[in-house]
Amino acid sequence: MLLRIKYAVGDELRFLSHLDFLRLFIRVFRRAELPVAYSQGFNPHSKISFGPPLAVGFVSSAEYLDLELTEARPLSEITESLGKNLPKGLSIIGMQEIKGKVTSLMAIIERASYEIKTALIEELTEQELNEIISRFLSRSEIFVTKMTKEGPRLRQIRQGIFLLKAELMAKELVFTAELQQDNRGVVRPEEVITALIETENLAIDGTGLEVRRKGLYAVRENSLLTPLEILSK
Amino acid sequence: MRQIIKNQILPQVQKPARYLGTEWNAVQKDWSSIPLKMAFAFPDIYEIGMSHLGLQILYGLVNAREDTLLERVFAPGEDLEALLREKKIPLFSLESFNPIRDFDLVGFTLQYEMSFTNILNMLDLAGIPLRTAGRNGTDPIILGGGPVSANPEPIAPFFDLILLGDGEEALPQLLDLAKEWKEKHGRLDREGFLLAAAKIAGIYVPKLYRDEYSLAGKFLATKPLHSEAPSKVYRRIVKDLEAAYFPTRPIVPFIETVHDRGMVEVLRGCTRGCRFCQAGIIYRPVRERSPELLARQAQDLLLSTGYDELSLTSLSTADYTCLEPLLKSLSSHPKFTGVNISLPSLRADAFSVGIAKELQKGRKTGLTFAPEAGTQRLRDVINKGVKEEDLMSAVTAAFEAGWTGIKLYFMMGLPTETTEDIAGIADLAHKVYQAGLEINRRHKRKKKIRVSISVAAYVPKAHTPFQWESQDLPEMMQKKQQYLKGLIKKPIIYTYHDAELSFLEAVFAKGDRRLATVLEEAWKTGSKFDSWREHFSFANWLKAFEKVGIDPHFYANRSLELDETLPWDHLDMGVSKRFLLRERAKAFEARLTPDCREGHCTACELCPDFGVDLVLKGAKINAFKD
């Protein structure tokens, strides 16, 4: 039986690495006594495959993993037994059986959406803010510097930004961004905010960003489909 | 406090997942409704502390009671420490983020001497006066326990109480007393409570004793200052491990720790009688658990944690009399499919390799053996009953079975050691390597043979037959290390311990209370995490010794008189001094003493004096079978 599970990562677990999550889920499934399938071979490993890793420090309301079981179980039973074995900060929010052939999460996912909160350093009106963002998005090229072993390297990310908007909430600034997340490249939310600060002189605190991943999507005929929705297509 | 730490402090540190406190099976109790609160302090980083079985035992034990709670605290990483100091945030517990100084009791585990500066650092970060003399009724009671309690004198001035021996029975008694005292007096008033605690067997209250020295500076005696303080404190021994508490719901860390697996303790103690080994004295007698109980504990543990690896721990698991039935029952049980079972250490014989072969699934990378010394003569001196034939048959069996890597542990600087013994280490390593090549040739295998040797600098320890011996001077130890280096041929990998660090370990392992001042001085001038190479500064320690006017060589490099009173003589581990002296004499004649499990009591005098006995669940241990 093949399963696709959607889960959320809360504040308590935002400091875990991708490897920590892998270890964590293996143990959760063992505690829940799910008959997880193992690969054949010299070093058998459990058949769990994740979507794109969540950056350390981020929370998320839309993470996905695929899981293979050696025997079928009712979804309600799986949900119940998993529910009793999750640490604080981890919750299962959706589950669907995968029927027939399936393309891996890493192969289908093309976009990620984020909510990014940060503090304002100087007063700013909603209108000024919108002007700044339109100016930023009207550029045909946006460069970010990436530190590599060979030194800083410039990368152009404009075409990887599909949506960027912002709202003012008291002293807080809340961005929504939809960014490239596929096997040709990944645009990270903190890169976008840094570029925005640098190119438009926006007076916000770029260091203490609170980032939530809100969705992961495949793109089909110009519309976004979640990894669960795509199963019923 | 929780919010400030989680939102402002943790995002700035490198490994914030160390400090979350919400791991699976961690216990979060309602702080205000629990009458007695204790913190368990591990004076090293999280990844090391969480690998420690003792922590899990006491954590489960104290939290299983309704009237007590136990929360954890580890030595914070350097980055976190800097932030705590800068923002004046006191050291906090992982579960509730309450300041450590708000607990009634703080228990430090004393695992190795070189963690002493971390203890001082943690007390300081917690805002607790370092010395018992400086504490008052608002400070927690500072408790210590663990193997270093065999000679806690160098840190005695910092501790209110030290528990000698097994904690499963003594700690609950202490908690009962503390709770009663708190109910009666509103708090743990130090003087009265400590005096009452001193009446619990196994509880040592250092401040009820005075250390005396001759004018020449020689240690004379530790004398009780109070009529109610016993002249000797006896180690606590849990008679029957079968009935003792064991945690089957241990905390499962989120991040990878040194030993990231489930553990059951198959037995406690070891009576093989290696003369350098302190653990072989201070955990006597051997007490086994039954295979039925262990299988049940293992099952519960795996289900409650989700671990897919189980370690059967003890000082020497291959000696367990019921190892085969236990392994059989584990491997035949459906709940154990996909579970890797491991033994922490192997005896150097073919039987152990046979067991390892049955257990090992997947890749066979490396096996480790500990011949400890390079020649038969020296192995006889230390009573390590391993013969060269045993080792060779063990490694041959290992190579035959497909292992390609062998690691060998040795010690350098053992009493009576000559250059021949050191050369013997190289010889043995080369023989093992040749055996591997030979088997490779015979089976036409192409896999590379890897033999590595790790050589520790011997540290004489209190309560062992070699407690009177002097350690080699660091310069001599280094010369020996280089001599051996010249004898080792490629591709054998040779690593050795830092001679200067081992020297300090020897100073504190056999130290007295005067060393507390050195510790304070070294800590004040920046020493901490001394067992971490990148932190250790020998120069800083030497400066500290010089400043307080204490000669470290007096402790590490002096042969003690056999009739000298020793700073740890008032702490009775159960084995008589007569036995230690007899063993010492036999050592110098290179005569062996058999394991008492073979049927002949070796008269260490522990069992009759403490009303305990060997507890063996099977007929005979495998090594002694004909």
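This structure is a prediction, so every number in the text was calculated from the model and none was measured.
- For the pair A/Arg31 and B/Trp24, the cation-pi criterion (under 6.0 Å, within 45° of the ring axis) is fulfilled.
- Neither the backbone nor the side chain of B/Glu23 comes within less than 4.5 Å of any heavy atom of chain A.
- B/Leu20 touches chain A through its side chain: at least one heavy atom from C-beta onward sits under 4.5 Å away, while N, CA, C and O do not.
- The choice from B/Leu302, B/Ile255, B/Asn25, B/Val252 that makes the most heavy-atom pairs within less than 4.5 Å of chain A is B/Ile255.
- Between A/Met1 and A/Glu97, the closest side-chain pair of non-hydrogen atoms falls below 4.5 Å.
- A distance of 13.0 Å separates CZ of A/Phe175 from NZ of A/Lys165, quoted to the nearest 0.5 Å.
- Ranked by non-hydrogen atom pairs under 4.5 Å with chain B, the options A/Asn85, A/Leu86, A/Val56 are led by A/Asn85.
- Interface remark: of the candidates A/Lys88, A/Glu12, A/Glu33, A/Glu33 forms the most heavy-atom pairs closer than 4.5 Å to chain B.
- Centroid-to-centroid, the aromatic rings of A/Phe25 and A/Tyr7 come within less than 6.0 Å.
- Note that B/Arg72 lies in the cation-pi zone of B/Tyr59, set by a 6.0 Å cut-off to the ring centre and a 45° limit from the axis.
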